[in-house]
Each structure stands twice: as C-alpha cells, then as structure tokens.
Amino acid sequence: EAAVTQSPRNKVTVTGGNVTLSCRQTNSHNYMYWYRQDTGHGLRLIHYSYGAGNLQIGDVPDGYKATRTTQEDFFLLLELASPSQTSLYFCASRDWGEDTQYFGPGTRLLVL
Amino acid sequence: GDSVTQTEGPVTVSESESLIINCTYSATSIAYPNLFWYVRYPGEGLQLLLKVITAGQKGSSRGFEATYNKETTSFHLQKASVQESDSAVYYCALGAHSNNRIFFGDGTQLVVKP
C-alpha cells in the first residue's frame, strides 16, 4: 500500500502570511492531489498533477499555487494566506490505471 | 455534473445497533462510474473501505456492505451491528478508470455510543 506523508501536521499563520504544505508519496504513483476538507463541504479538489512538472487546476484553486518537483513530492503554496483558507488539507496519490486514491494524514491550517 | 449526496451527520447509534448511511450519485460525464466508500478515523487520512465497479454487485469490508444500484443511482452503506471503533467519518465517492479524479460526498460523521 502506498505511503503518503504530509508536513507539517499543524500550522498556524497570520493573514497575509506565506505557507507551504508538503506532501511526499513513496510508491512513485503518477497522480497526486491536494484537497481541502471543511465542514459541510466534503473534500474539495484544489490542484492535482500527473507527473513532475505538471499541474492541473481543480475546483477551488483561487489563492493556491502548487508545484510537483519530483514524482514523489507535491507542494501546496499559500502566498497570501487568508482566514478563509483555514481548513484541513489532504494530499493523495494514485497510480496510472488505478482508481483508488491513497491519502496522507492531513495538515490542519489555522489562519488568524 | 458528477456529484454525490449522502446522509448529513452526525449520525449517532448505540453499539450493536444497525446502521445505514444513504448515498445517491449523479454521473453525467462518466458512463460507467465506480463507487467507493472511504473512511476517516480521528487523526488519520481517508482510507478505502470498499469499492464496487459493476452495477448490481455488492462490496463488503469489516462488516460493512454496499450495493451498487444503477436504477436508483444509490450506494447505501450498511452494517448490521456497529462497534464503538466504527466511530469515524464516512465518505461516499464516484470515479472511473478513464477519469483523473474522484468526486466525494460531504462525509457523514458516525458516533457509536457504548
């Protein structure tokens, strides 16, 4: 089973702050995803990627950038954090030809 | 569009009672959707509970089961006797091999009282 790790697990920042959330998967899956989870909204897709250097726009991309530097690493960037971005963020990966996604443990972000 | 609607939580059930969490889907861009139930235990990420890729089939895992009903576009999750350790958030989802993504429902928090 794929191992997906996220760091940090918890983060507090202030409005206007710069935040980077990291995700690493160790099974060389092609696809990686960033979601946010908010009460009453379920998981909403922010960005995803199908390989190093690739980026696809999800459903709620505003205020977020992302970069896939290697097959293993996918970063989510909040350059001017706002309180509306307070959320629980999940990273996931999946292999080509598979439909099951494997999730990291999540990062809880609080923007004051 | 493609979407999933599920029972709004929290759902509170006493240990050893039966459970049903309703899930209905709309798949307008996916001809043959695959259906999933994921579970998220406290402090952990989502993990696959069960999936069914063929209409009319039933999936089961850890005492949970769900049947893919194409006629009613439903995929309800059931368990005959819940345990306190089943307390978690359950997500219904749909996707396809040919699609790059999965569409998740809002999640249903299950609280099992001892």
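The chains referred to below are lettered A, B, ... by the order of the sequence lines, with proteins before strands, and numbering in each begins at 1. Note: hydrogens, waters and symmetry copies are ignored here, and every other heavy atom, side chains too, is used.
- Counting heavy-atom neighbours within 6.0 Å of A:Arg108 CZ, excluding the residue itself, gives a total of 12 or less.
- Under the 4.5 Å side-chain criterion, counting only non-hydrogen atoms from C-beta, A:Gln37 is in contact with B:Tyr91.
- Between A:Phe103 and B:Leu46, the closest heavy-atom pair is CB-O, 3.3 Å.
- By the 6.0 Å contact criterion, CD on B:Glu44 is enclosed, its count of non-hydrogen atoms from other residues, nucleotides or ligands being greater than 12.
- Under the 4.5 Å side-chain heavy-atom criterion for Ile, Leu, Val, Met, Phe, Trp and Tyr, A:Leu112 and A:Leu21 are members of distinct hydrophobic clusters.
- Note on B:Val13: it clusters hydrophobically with B:Tyr41, by side-chain heavy-atom contacts below 4.5 Å among ILVMFWY residues.
- Note: the hydrophobic cluster containing B:Val39 also contains B:Leu94 (ILVMFWY, side chain heavy atoms under 4.5 Å, direct or indirect links).
- Within residues 44-55 of chain A, the residues approaching chain B closer than 4.5 Å by heavy atoms are, in numerical order, A:Leu45, A:Tyr48.
- Between B:Ile102 and A:Tyr35, the shortest heavy-atom contact is O-OH, 4.2 Å.
- Neither the backbone nor the side chain of A:Gln6 comes within contact range of chain B, judged by heavy atoms closer than 4.5 Å.
- Evaluation of the side-chain hydrogen bond (donor to acceptor under 3.5 Å, both in side chains) rule for A:Lys11 yields no partner, not counting sequence neighbours.
- Within residues 60-92 of chain A, the residues approaching chain B closer than 4.5 Å by heavy atoms are, in numerical order, A:Leu88, A:Phe90.
- A chain of hydrophobic side-chain contacts below 4.5 Å, direct or via other Ile, Leu, Val, Met, Phe, Trp or Tyr residues, connects B:Phe64 to B:Val4.
- With sequence neighbours excluded, no residue forms a ring pair (Phe, Tyr, Trp, His ring centres under 6.0 Å) with B:Tyr68.
- No chain of hydrophobic side-chain contacts below 4.5 Å, direct or via other Ile, Leu, Val, Met, Phe, Trp or Tyr residues, connects A:Trp34 to A:Tyr31.
- Residues A:Thr100 and B:Lys51 approach most closely at OG1-NZ, 3.5 Å, considering heavy atoms.
- Between the B:Arg101 side chain and the A:Tyr33 main chain, no donor and acceptor come within less than 3.5 Å of each other.
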